[in-house]
Amino acid sequence: MAGRFAPRPTLPHSLKGVGGAPMTVRGGHVAVGAGVPRQAAGPGRVRDWVPDGPLDLGLVLGPLRRGPGDPTFRATPDGSVWRTALTPAGPGTLRVRASGAGVRGEAWGPGAEWLLERLPELLGAADDPSTFVPRHRLVALTRHRRPGLRLTRSGLVLESLIPSILEQKVTTDEAYRAWRLLVRKFGEPAPGPVPGPMHVMPGPRTWALIPSWEWHRAGVDNKRASTILRAVRVAGRLEEAAGMEPGAARARLEVVPGVGPWTSAETVQRSHGAADEVTTGDLHLPRIVGWALAGDRDADDSVMLELLEPYAGQRHRAARLILLSGRVPGRRAPKMPRWDIGGL
């Protein structure tokens, strides 16, 4: 599930992001400054868009960041969010920032037009939060405090699928490290005047040609590496899933051996903005939902799904609001140990 959150300060009913503590585990919110935007050097394509309600850039785009060192994502103190993407038209860099009553997107590279064309969907234009009806006081209160939450829709499958595979059965720190090392080493430098080193994730052929010892150095075991290799061999068919309904898209992804319900849900939540695709098979999410809604710290998937049943059609949004509330059970055991197989 995208997000593990500490309590956050109340957000204003405005477009701009707010500062705060650094993002916690596995995406969900990025602290976006409200400083004076810097002038980006170099020509870039520009698009202005005005949302039909409150929009918090950090909340909307946060799930796309894979850790604070993600080389494909950066939030800068001037209030901008930068991301790179390997689009069907080629690599591109997108800068998004609040501009008056709306949002301004600037893009560079062969994928610039593709990124700007889909800017509204990326920022939640296809999402309708007004249809959500809170059934619990905690959820209602969090929704009131987070009016700018919308579900992003990237329209790209592999860029969410590959890091989700890396996150299987390991700590998020290990997964983020692997993503960071592999993208920096095998991805290409981001086009445009990026704020520091940024990279575009490798294409399918490059992923397929990564030597076994490089996976090992990045701490990726053979099972996860093999799943990624199987996925990139059918990259074209998987990217077609972006045009399917979320349920059909998940079914196509799960045809790849090693991609199960957890991984497919984590993918379509980002690629499709899927409001109802709740993550099952997660180590922490059932207990967090169980504790927040029923005081049950030992809840499993079946209990979680029963508690979320009143939110049918919006279960992922409900889970995100629960995570944003910061109400989590206290630890009863040490953290999962971190193993670095690259040192073996």
Side-chain angles (χ1 to χ4, degrees), residues 15-17 27 30 32-33 36-66 70-76 78-128 148-160 183 187-203 235 239-243 268-274:
L15 177 71
K16 65 184 180 180
V30 172
V32 178
V36 177
R38 72 187 185 101
Q39 297 299 314
R45 293 181 173 84
V46 177
R47 178 176 182 179
D48 292 313
W49 177 68
V50 180
D52 59 2
L55 178 65
D56 185 306
L57 292 178
L59 281 176
V60 177
L61 298 179
L64 300 179
R65 182 171 80 164
R66 304 292 182 155
D70 187 347
T72 71
F73 192 106
R74 182 166 297 189
T76 53
D78 65 2
S80 299
V81 175
W82 297 75
R83 73 179 298 261
T84 69
L86 184 60
T87 76
T93 300
L94 177 68
R95 175 196 185 197
V96 185
R97 62 181 176 86
S99 178
V103 176
R104 168 159 291 190
E106 299 173 79
W108 296 264
E113 288 291 348
W114 193 95
L115 289 169
L116 291 179
E117 180 182 348
R118 288 157 180 80
L119 178 65
E121 286 193 354
L122 182 73
L123 298 179
D127 181 39
D128 186 7
L149 173 63
R150 291 182 179 226
L151 302 181
T152 186
R153 180 172 184 168
S154 70
L156 297 169
V157 174
L158 281 185
E159 77 164 24
S160 294
V183 172
E188 62 180 279
V194 294
M198 294 184 69
H199 291 77
V200 180
M201 82 165 214
E239 288 295 353
E240 290 174 1
V268 300
Q269 286 165 7
R270 297 167 171 88
S271 61
H272 290 67

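Below, all heavy atoms of this structure are taken into account, side chains as well, without hydrogens, waters or symmetry copies. Computed from a predicted model, the values in this text were never measured in an experiment. Residues take their numbers from the sequence shown, with the count starting at 1.
Taken from OG1 in T93 to CG in L115, the straight-line distance is 8.0 Å, to the nearest 0.5 Å. Here the straight-line distance linking atom CD of Q269 with atom CG of L151 works out to 9.0 Å at 0.5 Å rounding. Atom CG of L57 sits about 9.5 Å away from atom CG of L122, to the nearest 0.5 Å. For the atom pair CZ of R95 and CG of D78, the computed distance is 5.5 Å after rounding to the nearest 0.5 Å. Between the OG1 atom of T72 and the CD atom of E159 there is a distance of 7.0 Å, given to the nearest 0.5 Å. Here the CH2-CZ distance, from W82 to R97, works out to 10.0 Å after rounding to the nearest 0.5 Å.
Listed by chain and residue number, R45 satisfy the side chain to side chain contact (heavy atoms under 4.5 Å, CB included) test with E113 (two or more places apart in sequence, or in another chain). V60 meets the side chain to side chain contact (heavy atoms under 4.5 Å, CB included) test with L55, R150, T152; sequence neighbours excluded.
In plain terms, the two heavy atoms of V200 and P191 that are nearest each other are CG2-CD, 4.0 Å. Contact record, E121 with A126: CG-CB, 4.3 Å, taken as the closest heavy-atom pair. R153 and A242 make their closest contact through NH2-O, 3.5 Å (heavy atoms, listed as atom of the first residue, atom of the second, distance). Nearest heavy-atom pair across R47 and L119 is O-CD2, 4.1 Å. Considering all non-hydrogen atoms of both residues, M198 and F73 come closest at CE-N, 3.7 Å. Nearest heavy-atom pair across G102 and P51 is CA-CD, 4.1 Å.
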message: Using side chain to side chain contact (heavy atoms under 4.5 Å, CB included), reason through R104 and V46 one step at a time and then give a plain yes or no.
response: CA-CA 7 Å; R104 168 159 291 190; V46 177; 3.6 Å; yes
- request: Decide yes or no on side chain to side chain contact (heavy atoms under 4.5 Å, CB included) for L94 and V81, but give the supporting numbers first.
  value: CA-CA 8 Å; L94 177 68; V81 175; over 6 Å; no
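Looking at H272, its side chain does come within 3.5 Å of a backbone N or O of A241 through a donor-acceptor pair.
Looking at heavy atoms from C-beta onward, D70 lies out of side-chain contact with V183 at the 4.5 angstrom threshold. M201 is listed as a side-chain neighbour of L158, based on a closest heavy-atom distance under 4.5 Å. Put simply, the side chain of V194 does not reach to within 4.5 Å of the side chain of P189, judged on heavy atoms. Between R65 and R83, the closest side-chain pair of non-hydrogen atoms is not below 4.5 Å. Considering only heavy atoms from C-beta on, S271 stays 4.5 Å or farther from L156 through its side chain. The shortest side-chain heavy-atom distance between V268 and V157 does not fall under the 4.5 Å cut-off.
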